[in-house]
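First up is the structure itself, then whatever we jot down about it.
Residue numbering restarts at 1 for every chain, and letters A, B, ... go by the order of the sequence lines.
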2 protein chains.
Amino acid sequence: MSDGLPPQMGQSLLFLTDEQLRKGIEAMFFAYRGFTADPDRILAEQSYGRAHHRAIHFIHRNPGTTVNNLLSILGVTKQSLNRVLRTLIEDGLVSSTVGQRDKRERHLHLTTDGSALERALSDAQRDRMRAAYRAAGPEAVVGFRQVLEAMMDEDSRHHYEAMKDRPE
Amino acid sequence: MSDGLPPQMGQSLLFLTDEQLRKGIEAMFFAYRGFTADPDRILAEQSYGRAHHRAIHFIHRNPGTTVNNLLSILGVTKQSLNRVLRTLIEDGLVSSTVGQRDKRERHLHLTTDGSALERALSDAQRDRMRAAYRAAGPEAVVGFRQVLEAMMDEDSRHHYEAMKDRPE
DNA sequence: TTGGAATGTCAACAAAGCTGACGTATTGTC
DNA sequence: GACAATACGTCAGCTTTGTTGACATTCCAA
């Protein structure tokens with residue numbers, strides 16, 4: 001055995017070696033940096049950060065969502081989200097309206113300005129994703145998503161699946 | 001056309017729709033959270049953070065690396081890295097030795113304790129990666145890595161490639 | 001009707017990134 | 001040998017984004 005692996009392991013399990021796993025870990029690290037680089041540049045111009053991007057993205061995807069729901073999607077404390085939300089509301093990118101049925105709730109929507117920023121951010125991020133998809137090809141994309149989905153926590157997967165098939 | 005797409009588009013380019021790209025973006029977001037969750041728990045016990053993990057990981061992978069080299073891999077400022085490095089050295093997890101050839105340089109190594117923590121962290125992270133790989137299968141793993149590599153910045157890809165085939 | 005649960009806000013603090021300036025030791029070059 | 005460049009460390013100060021604790025408002029159920 002020139003590869004130094006136990007004979008019973010064979011080719012079928014080669015992808016589970018520590019070496020392969022480590023490469024996957026490092027690939028995640030470096031790729032995530034690229035993944036956030038383009039939106040980060042746009043955000044820096046307006047002195048916003050990634051937290052603002054995440055809030056804007058998921059408000060766009062869940063119009064009328066409550067603070068609590070957004071909280072469970074983003075997985076941060078409400079105080080942390082509140083700070084971000086406050087600046088977005090002050091700057092007129094997000095609107096917060098008191099709930100009809102339950103007046104404790106606030107329903108969040110993007111304003112025209114908020115939608116414009118969302119568009120700019122997601123265009124930038126999609127451009128890179130598109131280039132990566134194109135370079136890797138359709139079969140690779142299927143595998144990419146399968147591994148990512150398997151890597152999620154249960155809670156994340158629920159949120160992910162819930163938004164998955166909603167129309168754009 | 002029941003799918004409402006232009007005829008010339010066909011199946012081959014379906015994976016480049018905005019819808020598919022958005023799913024990829026959200027998958028990256030949720031998966032990355034899972035990716036860091038397990039090490040984060042271990043780090044929190046010792047009041048360390050992700051920055052310490054990154055330093056430990058890449059010192060492990062590049063034993064004897066200089067501060068400057070680590071800086072360019074991590075892509076942070078030296079002040080930021082220095083804060084992390086200082087605590088790791090004080091706590092006896094990393095050793096810093098003056099260079100033989102160039103005495104301005106410091107060469108970084110993990111101590112026994114540092115290696116033990118590295119092992120604990122990477123075991124936890126590998127366990128999740130292994131589970132994801134196993135669930136998705138070998139072909140998916142190839143695609144996963146292809147897309148991630150295509151998503152990296154040039155600089156990141158250089159660092160990634162340089163470490164790729166080095167023995168564990 | 002009242003007490004507890006839920007929703008959201010404010011205050012203060014910590015981790016970790018950043019810029020800018022500066023000091024020291026060492027190296028390499030003119 | 002003088003002097004610029006390099007490698008590293010550090011101080012000060014700021015920003016973003018996470019945390020916990022305290023608190024007001026609203027709803028619901030005993």
_B:Glu105 vs B:Val98 side-chain heavy atoms within contact, under 4.5 Å_ = no
_Proximal nucleotide (of C:dC18, D:dC8, C:dC10) relative to the A:Asn82 side chain_ = C:dC10
_Distance, rounded to the nearest Å, where B:Asn69 contributes CG and D:dC8 contributes C1'_ = 14 Å
_Pair B:Glu19 + B:Arg22: basic N to acidic O under 4.0 Å_ = yes
_Measure CG/A:Leu70 against P/C:dT7 and give the value in whole Å, please._
14 Å
*Interface residues of residues 91-106 of chain A with DNA chain C (non-hydrogen, below 4.0 angstrom)*: A:Arg104, A:Glu105, A:Arg106
*Provide, to the nearest angstrom, the distance between the CD atom belonging to B:Glu90 and the C1' atom belonging to D:dT10.*
13 Å
*asked:* At less than 4.0 Å, is any side-chain N or O atom of B:Asn68 found next to OP1 or OP2 of D:dT6? Yes or no.
replied: no
*asked:* Strictly below 4.0 Å: does A:Ser80 bring a side-chain N or O up to OP1 or OP2 of D:dT17?
replied: no
_Proximity to the side chain of A:Lys78 - top-ranked nucleotide from C:dG17, C:dT7, D:dC8_ = C:dT7
_A:Thr66 side chain, from C-beta outward: closest of D:dG18, C:dG8, C:dG17_ = C:dG8
*Would you call B:Arg41 and B:Glu45 a salt bridge, taking side-chain N to carboxylate O under 4.0 Å as the test?*
no
*When you measure from every atom of DNA chain D, which of residues 31-56 of chain A have a heavy atom less than 4.0 Å away?*
A:Ser47, A:Gly49, A:Arg50, A:Ala51, A:His52, A:Arg54
*Is the distance between the ring centroids of B:Phe29 and A:Tyr32 less than 6.0 Å?*
no
*asked:* Whether B:Glu26 and B:Lys23 form a salt bridge (side-chain N of Lys/Arg under 4.0 Å from carboxylate O of Asp/Glu) is what I want to check.
replied: no
*asked:* Counting the atoms with a prime plus P, OP1 and OP2 as sugar-phosphate, which does B:Gly75 contact under 4.0 Å by heavy atoms, base, sugar-phosphate, or nothing?
replied: sugar-phosphate
*Would you say A:Arg83 reaches C:dT9's phosphate, i.e. side-chain N/O to OP1/OP2 under 4.0 Å?*
no
*Stepwise, does the salt bridge (charged side-chain N to carboxylate O under 4.0 Å, His left out) test hold for A:Arg126 with B:Asp18?*
CA-CA 7 Å; A:Arg126 261 202 302 270; B:Asp18 279 4; 3.5 Å; yes
*Do B:Gln79 side-chain and D:dG13 base share a donor-acceptor contact under 3.5 Å?*
no
_Do A:Asp153 and B:Arg128 make a side-chain contact, defined as non-hydrogen atoms from C-beta onward lying under 4.5 Å apart?_
yes
*With a 3.5 Å cut-off and no angle check, do the side chains of B:Asp91 and B:Thr87 form a donor-acceptor pair?*
no
*asked:* Could you tell me how far apart A:Leu88 (CG) and D:dT17 (P) are, to the nearest whole angstrom?
replied: 10 Å
*Just by modelled atom types, is the B:Phe35 backbone N or O under 3.5 Å from a matching donor or acceptor in the B:Gln125 side chain?*
yes
_Rounded interatomic separation in angstrom, taking CG from B:Leu81 and P from C:dT19_ = 14 Å
*Provide, to the nearest angstrom, the distance between the NE2 atom belonging to B:His107 and the P atom belonging to D:dA7.*
12 Å
*Could you give the CZ-to-C1' distance, from A:Arg86 to C:dA11, as a whole number of Å?*
10 Å
_Taking the six-membered ring for Trp, are A:Phe58 and A:Tyr160 closer than 6.0 Å centroid to centroid?_
no
